[in-house]
Amino acid sequence: MRRRPISTAVRAASGAAVAALAAAGLTIPADAAPPPTVAPRAATASPAVDASAFSAAQRVRLITGDVVTLPGAGRPLTVTRSPGSRSSFSVVRTTDHTYVVPSAVRPLVGRLDLSLFDARTLATKPAQTPVTVTYDSTSTPTAVPGVSITKRSGRTATGVVTAESSAALAKALRTRSAASVFRGVAGITAASPTVRPTFPMHTVKIRLGDGSTPVEGLVILTNVDDMRKAFTAGFTVGGEARLSVPAGHYQLAALFGDETSSGLVVQPESLVTGPTTLRLDTRAATAQARTRTPQPTDTVFTALDVNRLDAKGAGSFALGVISFDGQPVRYSPVPAGSVVHGSLDSAYTSISTERGHAAAPAYQYDLGAAFADALPADITLDPKPSELMQVTHRYRGSTARSGMDALIEHGITLPNGSGIGIGFFRPAPARTTVWSGGSAGLTVSASYTAAYDWESNVGSEYLTSAERPIVPGTSHSEVWNQRPSHPSIVRPSPTFPVCGACLQDGYLFLGVPSFSDNDPAHWGLVDDPSRVRWSVSTAGRVLRESDGPMVDLVELPKGTAPVVIQHRERMRRLGFADSTTTTTWQVPRTARGSVPGEYCLDGVGPCSALAMLEPRYDLRIGDDGTVLPGRHTGTLTLTPYLSTARVTSLAVDVRYGSGPWTTVPWTRTGPTTFALDLRVPRSAGTADLRVRANDSASSTVTQTITRAWTVR
């Protein structure tokens with residue numbers, strides 16, 4: 001049986017997990033490497049675990065102010081429009097680049113270099129993006145929308161794109177066209193030097209039109225023998241574009257339209273043997289995907305994409321249209337059997353919200369469908385209520401105290417790897433019921449940031465859920481950001497097969513996210529490594545210590561001494577005082593839990609869980625982090641990780657302000673649940689909470705949370 005590498009188990013949803021959804025003009029260098037592969041290896045090797053799976057998602061501000069959230073564990077690529085924006089988006093993803101181009105500036109791509117929209121590269125310099133500006137003349141005014149100019153000489157200037165400058169451009173584009181805003185600017189680029197191809201090239205003229213009238217649009221020419229040879233695009237001028245490519249078989253496609261409608265035409269097989277002319281007829285875009293929902297909705301977001309794999313399996317990409325606000329998208333069908341070189345499939349996703357309440361809907365529908373070997377002429381999502389999964393989300397947090405809206409993100413991933421997410425700004429607290437459904441194998445994911453400042457690109461209290469399979473006909477509820485904050489231990493699932501505390505062959509793998517809330521399906525995300533410190537030791541010897549997410553593989557020395565794990569996190573809450581949670585686990589090596597073989601480090605087993613005691617809370621802490629004076633009943637859950645051990649002793653204490661620790665009475669209500677009798681005095685300020693427990697396997701936990709709540 002083949003062993004599965006840890007990197008595959010963690011599946012940080014990079015690379016092929018989420019496909020590109022549309023195309024913008026770019027050229028991949030001829031010597032670009034194929035997508036990386038991971039060779040099988042033993043579990044005792046150093047793990048290829050990407051700790052970013054447990055870090056706050058990378059959010060990138062484009063020059064237009066729109067926000068792109070890059071993919072992470074169980075999170076697809078997500079686009080959030082700047083406030084007031086009416087843009088749709090073109091997106092293309094390769095191994096190293098993720099280009100996201102808003103339609104508001106799409107006609108100026110060329111003058112605005114694609115490097116300005118490469119979200120993955122921009123993420124490496126998130127605070128300021130250096131750019132070079134070229135003016136039409138020496139008399140053109142120096143100020144450029146979206147750029148903070150630092151130096152100018154004649155027709156050339158240098159500057160940086162900042163959160164503030166991109167916010168200013170976003171505001172300008174609400175009332176003015178991009179051509180007007182960038183009058184006098186010949187070009188802006190953030191590009192590095194490009195690699196030139198070294199094999200014979202042929203000029204291909206591409207003519208785009210409707211039979212009698214030339215059409216302006218974006219054309220994409222892709223080598224389907226071996227995608228590493230050519231993936232290039234350009235904009236038509238007078239209905240014609242000229243691209244230079246090597247000989248071979250190509251897929252030709254075009255994206256065209258304006259702010260009111262979009263079109264996509266695909267010609268899956270074209271042969272280039274020398275200089276030639278290829279034609280695309282926009283009249284072929286006759287089909288339109290549709291969505292019908294059981295309750296009245298407004299279609300907020302749709303994504304139609306066509307995925308292509310080359311004949312060598314060396315590369316894949318997807319192109320299509322991402323539209324907002326019900327903008328119609330027409331496309332040319334690709335019948336089954338049309339593809340000779342490689343393979344093609346397609347996907348359609350749709351997010352619809354309660355009619356007339358797009359800003360704060362009480363319900364929404366997240367739907368998706370995938371189609372093998374074709375782009376069908378008839379795509380209609382029309383689910384019955386019994387075919388949908390219902391999840392009621394309650395989002396906790398105080399917009400009034402932080403002065404900022406929350407950012408709510410929902411994503412869909414289809415069985416063919418296509419996926420996209422959409423972000424909404426909303427005041428918190430909030431509540432939304434989401435119905436999801438579509439193709440078999442569809443999964444959904446969600447993320448939540450309780451306070452996010454669009455102007456400065458700063459947020460706090462990040463939470464996410466791994467992708468979850470849709471189970472039609474089921475329903476459940478999720479409460480996001482239910483305080484107090486504490487570390488949790490990742491529980492394995494088919495869509496995220498990670499054992500958060502797994503022992504195998506003398507090694508301990510830990511996946512313990514910080515800042516989690518009290519829903520087992522969620523975990524917190526570290527936005528600042530200095531806010532988390534942790535260590536693993538045994539017999540007084542420190543085996544590993546670090547900051548940031550606790551994601552590591554630790555070799556345990558021989559012996560029987562217990563494993564001691566210490567973790568300290570300091571939660572940042574914009575508009576509130578920080579809270580700090582300190583947790584110490586002491587676990588005998590004999591305290592074991594059961595792990596199915598497919599969730600072991602090597603995907604085969606045998607292995608076992610380290611049965612750490614995990615506290616979770618259900619206390620009457622308000623959305624703003626406060627508790628009313630008086631007597632309250634709360635619930636503490638203490639679960640030995642993947643173990644059947646029984647909690648044998650428990651002490652719960654609370655301290656108000658600088659006062660003494662006082663005992664909180666409790667009553668056992670189940671094998672792992674305890675009812676707490678909290679008595680909150682008046683005018684007591686902040687409260688600290690302490691829990692100490694051990695179980696029948698002699699595993700112990702001590703957890704202290706300072707400023708767990710404030711007395712209202």
Side-chain angles (χ1 to χ4, degrees), residues 1-23 26-41 48 50 71 76-77 91-99 120 195 197-199 201 220-233 243 245-253 266-273 305-320 334-347 370-376 413-420 439 441 443 603:
M1 184 178 292
R2 187 173 70 88
R3 288 177 171 257
R4 183 188 65 215
I6 297 172
S7 57
T8 306
V10 170
R11 296 199 307 140
S14 58
V18 184
L21 293 184
L26 82 165
T27 301
I28 297 178
D31 59 353
T37 57
V38 182
R41 54 179 169 74
D50 186 356
L77 178 74
V91 178
V92 64
R93 295 189 60 199
T94 71
T95 303
D96 301 315
H97 302 281
T98 300
Y99 296 88
R120 191 167 296 280
V195 177
T198 58
F199 37 70
M201 305 291 282
I220 308 101
L221 197 58
T222 309
N223 189 295
V224 292
D225 299 317
D226 185 342
M227 207 168 295
R228 293 169 296 181
K229 291 183 177 180
F231 187 117
T232 186
L243 302 175
V245 296
H249 296 92
Y250 284 84
Q251 175 174 285
L252 174 61
V266 179
Q267 186 172 299
E269 297 282 345
S270 297
L271 178 63
V272 173
T273 57
D305 60 284
V306 180
N307 306 300
R308 188 67 184 262
L309 177 70
D310 67 26
K312 285 194 172 182
S316 63
F317 79 104
L319 61 91
V334 179
S338 301
V339 172
V340 178
H341 300 85
S343 61
L344 176 148
D345 59 59
S346 60
F371 309 96
D373 304 319
L375 174 58
T413 303
L414 291 131
N416 66 356
S418 298
I420 195 68
S439 294
T443 61

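All figures in this text were calculated on a predicted structure; none of them were measured in a lab.
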Worked verdict on Thr98 versus Leu77 for side-chain contact (heavy atoms from CB on, under 4.5 Å) = CA-CA 9 Å; Thr98 300; Leu77 178 74; 3.9 Å; yes
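- Between the side chains of His341 and Glu269, a donor-acceptor pair is found at a separation under 3.5 Å.
- Nearest heavy atoms, Thr413 versus Pro76: OG1-CB, 4.3 Å.
- Atom-to-atom distance recorded for Asn307:CG and Leu344:CG is 7.5 Å, nearest 0.5 angstrom.
- When side chains are defined from C-beta on, Thr232 counts as touching Val245, because their heavy atoms get closer than 4.5 Å.
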side-chain contact (heavy atoms from CB on, under 4.5 Å) between Val340 and His249, intermediate numbers included | CA-CA 10 Å; Val340 178; His249 296 92; over 6 Å; no
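- The pair Asp310-Lys312 does not meet the salt-bridge criterion, since no charged nitrogen lies less than 4.0 angstrom from a carboxylate oxygen.
- With values rounded to the nearest 0.5 angstrom, Leu243 atom CG is found 9.0 Å from Leu252 atom CG.
- One distance of note links OG1 of Thr443 with CG of Leu414; it measures 8.0 Å at 0.5 Å rounding.
- The minimum heavy-atom distance linking Asn223 with Gly248 is given by the pair ND2-CA, 4.2 Å.
- When the shell of 6.0 Å around CG of Asp225 is examined, it contains more than 12 heavy atoms from other residues, nucleotides or ligands.
- To the nearest 0.5 Å, atom CG of residue Leu309 and atom CG of residue Asp345 are 9.0 Å apart.
- Residues Val266 and Arg308 fail the side-chain proximity criterion, which asks for heavy atoms closer than 4.5 Å.
- Between the side chain of Thr222 and the backbone N or O of Phe231 there is no donor-acceptor pair closer than 3.5 Å.
- For the pair Pro246 and Val272, the tightest heavy-atom approach, listed with the atom from each and the gap, is O-CG1, 4.3 Å.
- Closest approach of Pro415 to Gly441, counting heavy atoms only: CG-C, 3.8 Å.
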